[in-house]
Each structure stands twice: as structure tokens, then as C-alpha cells.
Amino acid sequence: MRLVHTVKEVREQVKEWRMEGLSIGLVPTMGFLHEGHQSLIAASVKENDRTVVSIFVNPTQFGPNEDFEAYPRDIEKDMALCDETGADLIFNPEPEEMYPDGFCTYTNITGLGDALCGKSRPIHFKGVCTVVSKLFNIVCSDRAYFGEKDAQQLAIIKRMVKDMNIPVEIKGCPIVREQDGLAKSSRNTYLNEKERAAALILSKAIFAGHDMVNAGERDAKKIVGAMTEIIKSEPLAVIDYVEMVNMDTMQPVDVVEGNILCAIAVKIGKTRLIDNFNDNIRQATP
Ligand code: PAF
């Protein structure tokens, strides 16, 4: 496995692989890799001849009062995880490599990016779309892998690829959880012991909401209400949103039918965590 820092090095490597007729998978990450990322890398290794993992804490997707500086970084540990999972190349650029002097072109998405996380993180998805489209142009992979924990991000990237005719297949991989249910996230490391225990309220609410759907409840307000009450029972939890939306539009629904996403964002202390469930409910026949 190689570690490279420049666009030129990636392009040269990719050109060689292409000349050998090899297929390429890309796993974009911000590093501090955990089993969630590992499942994406493993999926790419299985489905492609070569796998590129990008590790880049992207400044343009963080708001002015967010955790860009504090975001955890550990390239040595990340390299070991990539190596043991079978990745072939790590692309770990400096911010100046991705955003050289004079940089002023952004990729943005309207509508989908304004809902859910977009309400409290107004520039977030513009930054994500910009860096991900750059990575697609740099690596030119056949496939790219994203976690379903960031369900809105995944939906946005799928839309961007379709709208901009980017020739890459987007693959979503299931949420990976800790044994006690907490969705894996690099930000879980911010939690102290008390907050870590309190953070379990997210998965508790998600499982309870999904159980209601599985039991046949179709009133979105009732499900969102029940989930909200569960989260409010935890004194350290501050709700950003609890919403049941249509997966394609990210707009709230009244009735649970079709491809729905139930998504939550909750602050535990200073740490903002997200979780969700997705279901495809066949419409009731009249
Ligand atoms: O999901 C992430 O880690 C980031 O948003 C991504 C897709 C790597 C873009 O910086």
C-alpha cells in the first residue's frame, strides 16, 4: 500500500492501473478511521481490483464555529487499518493541494442540501459536494463508497452524480454500530464517560421508531413524537431535529409510505451526533 499527498501522484498511479485494465474503487474519508470506514474499504476491495482511500479533513464543509481544528487525526493508525483491510493507495493531501491560492469554484446542491442537517449547517453540503466532486475528478474511480449513517450526504451525492453526469457508481453501505447500539462515528471520541452513556439515547430512539414502523404504525407525527419523548428523557441530550422525510426529496412526510428516512441529530454536551433508519414501505392497497 502506498501513501501519496499530491493529485499528480494519484493520477500517475491511476493511469498505470487503467493501462493494466484494472477497476478502481474510491472510499472518501476524513480519517480517524473506525469499523464503519473499514466496512466501506472492505466492500471496495471486494468489488474492485484496486482501492483508493482518501483521508482529508475538508475545511470547506465545517462552519466557522464547528470542530474543524479539533477533528481527530491519526494518520499512522489510519494507514494500519487501510493496509490490513486491503487498500492499495491512500491519498492524504494538504489543504493547499485541494484548495490552492485563488480557488473559487464550488459545487452546490439546492433543496436536498437545505433540509435536515442543512438547516443548522448551512454551508456543510456545499463543502461536501465540492470536495467529493474534486475527488471524483482526481481519482476517476469506477465506484465510490459512502456510509448510510450519513444518509442525507449519500442522497445528495447520488443526486449530484446524476445531475452532473459524473461516471461513477455510488454504493451505500449499512450503518455499523457499537455492541450497545451507538452508531460508529469519529466524533464519538469527543464523549466523556457520562456523555458516552447518554449518547445511547440516539440508537434507543431510532430502534423504538423503527419498531413502531415495523408494527404497522403509519402516522409519522406519532413516531416522531414518541422518539422525541425518548430523547428528551435524557438530560444531557439537546435535539437539533427528529424528522421523518421522503428519501428522494428530504421533505417531511405525514404518512409513512414509500422510501422514507427517519433521521435525528442530537447534541450530547458539545458533540453533535446523527443516526437514522431507512425503510421502503409499500403503499397500502385501497
Ligand atoms: O463523510 C465524510 O467523512 C465526509 O463528508 C466526506 C464524504 C469524506 C467528504 O469530506
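Just the heavy atoms: all of them, side chains too, but no hydrogens, waters or symmetry mates, feed the values below. Both counts, for ligands and for their atoms, begin at 1 and track the order of listing.
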task: Just jot down the salt bridge (charged side-chain N to carboxylate O under 4.0 Å, His left out) partners of Asp163, sequence neighbours excluded, or say none.
output: Arg159

query: Could you give all pairs that pass the side-chain hydrogen bond (donor to acceptor under 3.5 Å, both in side chains) test and reach residues 6-21, with sequence neighbours left out?
result: Arg2-Gln13, Thr6-Glu9, Lys8-Glu12, Arg18-Asp142

- request: Quick one: do Tyr71 and Asn58 satisfy side-chain hydrogen bond (donor to acceptor under 3.5 Å, both in side chains)? Show the steps, please.
  value: CA-CA 10 Å; Tyr71 199 85; Asn58 172 38; over 6 Å; no

message: Taking salt bridge (charged side-chain N to carboxylate O under 4.0 Å, His left out) as the definition, give me every residue that meets it alongside Glu47, ordered by chain and number, with sequence neighbours left out.
response: Lys171

Quick one: ligand 1 N/O to protein N/O pairs below 3.5 Å?
from     : atom 1 : to     : atom 2 : distance (Å)
ligand 1 : 1 (O)  : Gln153 : NE2    : 2.8
ligand 1 : 5 (O)  : Gln61  : NE2    : 3.0
ligand 1 : 5 (O)  : Gln153 : OE1    : 2.7
ligand 1 : 10 (O) : Gln61  : OE1    : 2.6

message: Could you tell me if Ser23 and Asp49 have a donor-acceptor pair between their side chains, going purely by distance under 3.5 Å?
response: yes

Candidates Glu35, Gln38, His37 - the one meeting side-chain hydrogen bond (donor to acceptor under 3.5 Å, both in side chains) with Lys184: Glu35

